[in-house]
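A quick write-up on the structure given underneath.
Just so you know, ligand 1 is whichever comes first in the structure, and atom 1 is the first atom listed for that ligand.
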Amino acid sequence: MIVLGIESSCDETAAALVNEKREILGQALLSQQEHKAFGGVVPEIAARAHLEHVDEMIADAVKAANVSLQDVDAFAAASGPGLIGGVIVGVMAAKALALALHKPYIAVNHLEGHALCARLSNDVDYPYLLLLVSGGHCQILIVKDVGEYERLGTTIDDAAGEAFDKVSKMLGLGYPGGPLIEKAAAMGDKTRFSLPRPLLSSDDCNLSFSGLKTAVRKLAESYAPDGVLEHADIPTQDIYDISACFQDTVTDCLCRKLKKAIGIFKAKCPEGRHLVVSGGVAANTYLRAALQKLADENGLIFAAPPIRFCTDNGVMIAWAGFERFQKGYVSPLDFKPRPRWPLDENASKAAGAGGVKA
Ligand code: KG4
Ligand code: ZN
C-alpha cells in the first residue's frame, strides 16, 4: 500500500511516498528562499512559489520511488492549518490526482503530520505524550490514536519557534531563527543573563513566550546609544551569550510544564510509555538532550523524528495519510482547505473535519 503526501502549508513545497513497511520510497523538498530578505514568510510569495513547484516535487518524489502514479493507493495533502494560498495549492494537486486516478484523497491536518511522524522512524505506540513545537504552534498533547488528541496545554501567545525567529531577528542573525540561534548558543554562556520564565508558577500546562521575547528585546536595545533596536551594536560574544540564555530559558519552560504534563499523562494513561517531541523546534539538539533527560528521570522513553523530518516535509504528511488510510479514513473531494484547524477539535471524530470512513 503506497500513499503519496504533499506539504505546502508554509514555506516548504514537498512530496513523498511511504508504504505499509514504514519505508520512505521517495521524497522531494524545496525550501523557499524568497522569504529570507523579509525576515519571515510572505504568504502571497509562498503561494506563488508552491504553485510553481508543486508538480515538479510530486514528479521528483514519484521518480525517486521508482513507481508510477498508478501504483499510488491514496493521495494525501496537508489541508490546513496554514497559509491558505499554499494549502489550496497542495490540496488541489492531491484532489486532481485522486480524481484522475480514481483513488481516495485524504485531508491531513498539518499538525497531525508532525504529531505522528515519530511513529515512522521509531517504535512508538499509542498513547503517548507529545510536545509539538513549531513555528506556529506550541502544545502539549496526549496522542491517543490517529485523530484522537487531548490537549493538556498550549502557548497563550507566541509559539516557541516564533520566539526563536523573532529573537534571531533582534540579534541580527537572520531567518529562520531556530538553527541560527542554536549555532550561536553553542558558543555562548547560558548563565550570563537572567531572563524571565513567564507562567511557570501557574498550575496548568500552558506556556507563554512573549514576555521572554520582550526581555530579549530590551536587552538588545540596551546596546544602542539611542535605545533603538536597529542601532544596537551587540558584540559577537554577547550575541552568543544572549542566544544561549534564551535557548536555555525556552528549554527550561518547556521541560517544567512537561513535567506537570507527565504527571497528568501517567494518571490518565498508565500504559503510556513514550515522551515524543516534534515540529521544527524539535530539531534543536539542546532541547532534545533536555527532553531525553526528563524522560529518563520520569521512566518514559524519549522519541523524536530524525532532525531532517522535524521541520516541514512531505514524508510526515504521507505517513499521517497512510495511518488515516489504514484506518479507512478518507476525505470527500469537496473538503474545504482550512486556514485554522485545531488538532483536538473533535476528539470523537477520528476522521477529522470533513473526513468520512471509507
Ligand atoms: O514545523 P516547522 O518547519 O513549520 C511550522 O509548521 O511552523 O517549524 C519551523 C520553526 C521555525 O520557527 C524555526 O525557527 C524552528 O522551527 N526551528 C528551530 C530549529 N530548526 C527549526 N528552532 C530551534 N532550533 C532549531 N534547530
Ligand atoms: Zn510544521
Establish, yes or no, whether a centroid distance under 6.0 Å links the rings of Phe335 and Trp341. yes
[Y] versus [X], side-chain donor and acceptor atoms under 3.5 Å:
X: Asp226; Y: His231; result: yes
X: Asp189; Y: Tyr240; result: no
X: Glu7; Y: Ser9; result: yes
X: Glu112; Y: Tyr149; result: yes
X: Asp158; Y: Ser210; result: no
X: Tyr126; Y: Arg119; result: yes

Please identify which atoms of ligand 1 are closer than 4.0 Å to at least one heavy atom of [X].
X: His114; result: 1 (O), 6 (O)
X: Gly177; result: 14 (O)
X: Gly136; result: 7 (O)

Is any N, O or S atom of Cys10 under 2.8 Å away from the Zn ion (ligand 2)? no
Does any N, O or S atom of His137, backbone or side chain, fall under 2.8 Å from the Zn ion (ligand 2)? no
Is it the side chain (CB and beyond), the backbone, both or neither of Asn284 that lies under 4.0 Å from ligand 1, heavy atoms counted? both
For ligand 1, is any non-hydrogen atom under 4.0 Å from His110's backbone (N, CA, C, O), its side chain (CB onward), both, or neither? side chain
Is the Lys NZ or Arg CZ of Lys95 less than 6.0 Å from the centre of Tyr105's six-membered ring, within 45° of the axis? yes
Give the single entry among Gly161, Ala163, Gly178 that approaches atom 25 (C) of ligand 1 most closely by any heavy atom. Gly178
Looking only at non-hydrogen atoms, the one of Asp165, Leu132, Leu180 nearest atom 11 (C) of ligand 1 is Asp165
Give the residue and atom name of whichever protein heavy atom lies nearest to [atom], and the separation in Å to one decimal.
atom: atom 10 (C) of ligand 1; result: Gly135 N, 3.5 Å
atom: atom 17 (N) of ligand 1; result: Gly280 O, 3.5 Å
atom: atom 26 (N) of ligand 1; result: Glu182 OE1, 2.7 Å

Heavy-atom contact under 4.0 Å between His137 and ligand 1? no
Sub-4.0 Å heavy-atom contact, Cys10 with ligand 1: no
Before signing off on this row, confirm whether Asp312 and ligand 1 have an N or O atom pair separated by under 3.5 Å. yes
Counting both backbone and side chain atoms, is some N or O of Thr311 under 3.5 Å from an N or O of ligand 1? no
Minimum side-chain heavy-atom gap Gln32-His50 below 4.5 Å: yes
Could you tell me if the side chain of Ile181 sits less than 4.5 Å from the side chain of Leu171, heavy atoms only? yes
Is the Phe246 ring parallel, tilted or perpendicular to the Phe164 ring (thresholds 30°, 60°)? perpendicular
Metal-centred angle, OD1 of Asp312 through the Zn ion (ligand 2) to NE2 of His110, rounded to 10 degrees: 100°
